[in-house]
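What you see is a predicted model; the values in this text were computed from it and never measured. For reference, positions follow the sequence shown, starting with 1.
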Amino acid sequence: MAEPHYPQIILSFAYRGFKVEIDRDELDGQFIYAAWVNHDRGCAVAVPRAMTTIDAIRQAKQWIDKKLK
């Protein structure tokens with residue numbers, strides 16, 4: 001049986017009414033990052049994979065901006 005993945009949230013911040021959480025994991029010896037976006041109706045993985053925290057944050061903000069249009 002595969003072991004469950006527990007997010008390792010390394011950064012959390014509010015952006016335009018959403019809570020963004022940056023998760024760090026390791027794949028093939030390298031850190032990768034994902035961005036979870038939480039709102040009053042639930043949560044979503046806005047960025048499934050980014051190579052840096054800066055990329056994950058930028059892409060999460062873009063995801064939120066698109067959803068609010």
**Q** Report whether Ile22 and Tyr15 are members of the same hydrophobic cluster (ILVMFWY, side-chain heavy atoms less than 4.5 Å apart, transitive linking).
**A** yes
**Q** Which one of Ile64, Asn38, Asp40 satisfies the side-chain contact (heavy atoms from CB on, under 4.5 Å) criterion with Phe18?
**A** Ile64
**Q** What about Leu27 and Ile9, same hydrophobic cluster or not, with Ile/Leu/Val/Met/Phe/Trp/Tyr joined at side-chain heavy-atom distances under 4.5 Å?
**A** no
**Q** Tell me, yes or no, whether the heavy-atom count around Glu26 atom CD, taken from other residues, nucleotides or ligands under 6.0 Å, exceeds 12.
**A** yes
**Q** Could you state the interatomic distance from CZ (Phe31) to CE (Met51), rounded to the nearest 0.5 Å?
**A** 11.5 Å
**Q** Between Ala56 and Ala35, what is the shortest heavy-atom contact and its length?
**A** O-CB, 4.0 Å
**Q** The test is side-chain contact (heavy atoms from CB on, under 4.5 Å); show your working for Ile10 and Thr53 and say whether it passes.
**A** CA-CA 9 Å; Ile10 60 167; Thr53 56; 3.8 Å; yes
**Q** First locate atom OH of Tyr33, then atom CD1 of Ile57, and finally report the distance between them rounded to the nearest 0.5 Å.
**A** 10.5 Å
**Q** Flag yes if more than 12 heavy atoms outside Ile54 fall under 6.0 Å of its CD1 atom; otherwise flag no.
**A** no
**Q** Determine the minimum heavy-atom distance between Pro48 and Ala34, stating which atoms define it.
**A** O-CB, 3.7 Å
**Q** Start with the C-alpha gap between Val20 and Lys61, add the side-chain angles, then the distance that decides, and say whether side-chain contact (heavy atoms from CB on, under 4.5 Å) holds.
**A** CA-CA 9 Å; Val20 180; Lys61 287 180 174 181; 6.0 Å; no
**Q** Using a 4.5 Å cut-off on heavy atoms from C-beta on, say whether the side chain of Asp23 contacts that of Trp36.
**A** yes
